[in-house]
K.L.:
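The following block contains the structure, expressed as structure tokens.
Remember, predicted model here, so these are calculated numbers, not experimental data.
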Amino acid sequence: DKHSCKSMPFQFKNYLSESLIHVKHCIQKKYIDEKQAEYLISIITKTQKEYCLNHNDYEKSNKFEKYSKILSHNDIHCGNLLINDQYFQKNKGINYCSKNKDSFKLLKENHSSSTFSNFLDLKIIDFEFANFNIIGFDIVNYIVECFFDLFHEKYPFFSIKKDFKLLFDDEQYFSIYIKYLKKLSEKNANLNIFDFDYDLYCQKKYFYFLIGLSGSFWSIIGILSISDDYSSKKSEFDFYLYLLKRFEIFDLYLEYTKDY
């Protein structure tokens with residue numbers, strides 16, 4: 001329905017409002033200091049400005065409204081994918097979703113197939129953030145997640161696998177995104193997924209927009225996830241450091257699209 005199709009900007013707007021309140025809470029609890037809080041507030045403000053989410057009426061969020069939407073998972077990464085034993089054996093015991101493996105290999109291998117049959121061997125879990133979102137977000141977010149190792153065994157319990165600039169400069173990521181989107185379009189002809197007659201400029205602009213959205217969305221979720229001074233304990237996943245890395249991706253998006 002009309003309201004559901006606008007749920008992503010509506011949900012994101014709520015997260016932004018909640019994150020401002022949570023930053024104040026974190027200062028009071030001394031999870032972060034004043035300087036860190038100031039930077040987090042700048043992240044929230046910059047996100048609100050970019051997506052026009054500081055309006056009282058979220059319908060004015062035209063950066064969302066011009067794109068078609070579909071029910072999305074919004075948190076697909078290797079930790080939220082289960083591979084059955086048959087697939088595991090068929091691929092000689094390679095677990096693409098285990099630590100120290102390149103989870104991007106799973107995406108590359110399946111996009112080269114003529115069908116999505118391999119994905120019948122996959123189960124997606126953890127639908128906490130499921131909502132209507134811009135078509136293609138799940139594909140791009142998974143690509144972005146492949147730049148992180150979320151199974152790192154030492155503090156801050158994640159690491160960066162590759163330079164984030166490759167998201168924009170390495171054509172293989174854009175190519176895989178387009179191929180998956182075309183497959184989705186072929187299987188859902190009734191959806192207005194994407195006009196593939198658009199020139200390369202428009203296609204890449206759309207891809208960059210989703211990269212930026214992934215970076216900003218998960219940086220805001222990172223703010224809401226701060227519940228301790230992780231840097232002093234060094235015994236838990238550090239959401240503060242993680243959100244800063246996700247926001248680096250958003251800043252790169254702004255840099256790469258400033259002339260669009």
K.L.:
Apply ring-ring contact (aromatic ring centres under 6.0 Å, His included) to residues Phe250 and Phe247 and explain how you reach the verdict.
P.N.:
CA-CA 5 Å; Phe250 176 74; Phe247 201 70; 5.0 Å; yes
K.L.:
Please say whether more than 12 non-hydrogen atoms of neighbouring residues, nucleotides or ligands are located less than 6.0 Å from CD in Glu18.
P.N.:
yes
K.L.:
If we count only N and O atoms by modelled type, under 3.5 Å, do the side chains of Asn14 and Ser17 hold a donor and an acceptor together?
P.N.:
no
K.L.:
Just by distance, no angles: are the side chains of Tyr51 and Ser216 close enough, under 3.5 Å, to form a donor-acceptor pair?
P.N.:
yes
K.L.:
Answer yes if the side chains of Gln203 and Tyr177 hold a donor-acceptor pair under 3.5 Å, and no otherwise.
P.N.:
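Note: Gln203 and Tyr177 side chains miss the donor-acceptor criterion.
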K.L.:
Mark yes or no for whether Gln36, through its side chain, and Asp33, through its backbone, hold a donor-acceptor pair below 3.5 Å.
P.N.:
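Judged by distance alone, yes, a pair lies under 3.5 Å.
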K.L.:
Does Lys245 make a cation-pi contact with Phe148 (under 6.0 Å, within 45 degrees of the axis)?
P.N.:
no
K.L.:
Look at the rings of Phe237 and Phe158 and say which category their plane angle falls in: under 30° parallel, 30 to 60° tilted, over 60° perpendicular.
P.N.:
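Plane angle between 30° and 60°, so tilted.
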K.L.:
Quick one: does any side-chain atom of His73 pair with a main-chain N or O of Ile125 as donor and acceptor, under 3.5 Å?
P.N.:
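Yes, the answer is positive, given that a donor and an acceptor are paired below the 3.5 Å cut-off.
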K.L.:
Would you check if the side chain of Thr45 reaches a backbone N or O of Ser42 as a donor-acceptor pair within less than 3.5 Å?
P.N.:
no
K.L.:
Assign the ring pair Phe164 / Phe147 to parallel, tilted or perpendicular, where the plane angle (0 to 90°) is split at 30° and 60°.
P.N.:
tilted
K.L.:
Judged by atom type as modelled, is there a donor-acceptor pair below 3.5 Å linking the side chain of Asp170 to the main-chain atoms of Gln172?
P.N.:
yes
K.L.:
Do the side-chain N and O atoms of Tyr240 and Asp229 include a donor-acceptor pair separated by under 3.5 angstrom?
P.N.:
no
K.L.:
Less than 3.5 Å apart, any donor N or O on the side chain of Asn133 or Ser72 sitting next to an acceptor on the other?
P.N.:
no
K.L.:
Look only at the side chain of Asp228 and the backbone of Tyr31, and say whether a donor-acceptor pair between them is shorter than 3.5 Å.
P.N.:
no
